[in-house]
Amino acid sequence: MSTTPNKPVAGKKSGQGFVYLPLIAGWLVPGAGHFLQGKWVRGTLLAVSIIAMFVLGLAMQGKLYTSVQDILDMLGVAGDLGSGLLYVVSRVAGWGAQPIQTTVADYGTKFIVVAGMLNIIAAVDAHNLRTGRKS
Amino acid sequence: MFHPSHFTAVLLFALFASTVFGITMRDTPRRMFRYGAYCFILFVGSAIVLSWVMLLIAR
């Protein structure tokens, strides 16, 4: 099984426009950074994976971190913020359990945090596509 | 509400995380699929192995 990392794409020039737009769009809406560059299949797979993970986390009565009491809460908020507008909409709508009451809810909390971190990875990937570091 | 078993939660977590890892860490569709499958097997396999280790430690 090959696990060779990506090689930089040599000689590829980045296009015109705001170079950070795919990064910001990808952070706010999962997959949007790839959609902006015409990577429809990749964007759809990323969006489905990240949104499904976030929604399943909420469905498991996972917790949305809202305030910072200690360092672990700070990390939780940082992870949740990675989901962009999904987190904002969920906070405004009052979704997410407070506090965690079941084991499944603890899984759900992790699903929500990891969905945010995966979204950051996807947004950075969109930025790499935009700058020509990846094809 | 959704109440999966621990193993179902592991499978879902591994599926979604592997999909994102495969797409973001490799260049071509073939290599993306192979790396995603590799990550999925490692996620699920390590969860099963660690579960057995914890069971043996608990005895």
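Side chains are part of it too, since the values below use all heavy atoms of this structure and drop only hydrogens, waters and symmetry mates. Chain letters run A, B, ... following the sequence lines, proteins first, then strands; residues in each count from 1.
Heavy atoms only, all atoms of each residue included: A/Arg42 and B/Asp27 are closest at NH2-O, 3.3 Å. When all heavy atoms of B/Met25 and A/Lys134 are compared, the pair lying nearest together is N-NZ, 4.3 Å.
Side-chain heavy atoms closer than 4.5 Å link hydrophobic residues (I, L, V, M, F, W, Y) into clusters, and following such links, possibly through other members, connects B/Phe7 to A/Met53. There is no path of hydrophobic side-chain contacts, each under 4.5 Å, that joins B/Leu12 to B/Leu50. By the criterion of side-chain heavy atoms lying less than 4.5 angstrom apart, applied directly or through intervening Ile, Leu, Val, Met, Phe, Trp or Tyr residues, A/Leu129 is not grouped with A/Phe35; the two fall into different hydrophobic clusters. At a threshold of 4.5 Å between side-chain heavy atoms, the hydrophobic network of Ile, Leu, Val, Met, Phe, Trp and Tyr places A/Trp40 and A/Leu45 in two separate groups. In the hydrophobic cluster analysis, where Ile, Leu, Val, Met, Phe, Trp and Tyr join through side-chain heavy atoms closer than 4.5 angstrom, B/Phe33 is grouped apart from B/Phe21.
Under the side chain to side chain contact (heavy atoms under 4.5 Å, CB included) test applied with B/Phe16, the options A/Val48, A/Ile50, A/Leu56 reduce to a single match, A/Leu56. Under the side chain to side chain contact (heavy atoms under 4.5 Å, CB included) rule, B/Val20 has a single partner from A/Asp125, A/Leu46, A/Asn119, which is A/Leu46.
In this structure, CE in A/Met60 is found 11.5 Å from CE in B/Met1, a value given to the nearest 0.5 Å. Going from atom OG1 of A/Thr44 over to atom CD1 of B/Ile23 covers 9.0 Å, rounded to the nearest 0.5 Å.
Among pairs with a residue in residues 109-135 of chain A, those fulfilling ring pair (Phe, Tyr, Trp, His ring centres under 6.0 Å) read A/Tyr20-A/His127, A/Phe111-B/Phe13, at least two apart in sequence or across chains.
Residue B/Pro4 touches chain A through both its backbone and its side chain, counting heavy-atom pairs closer than 4.5 Å.
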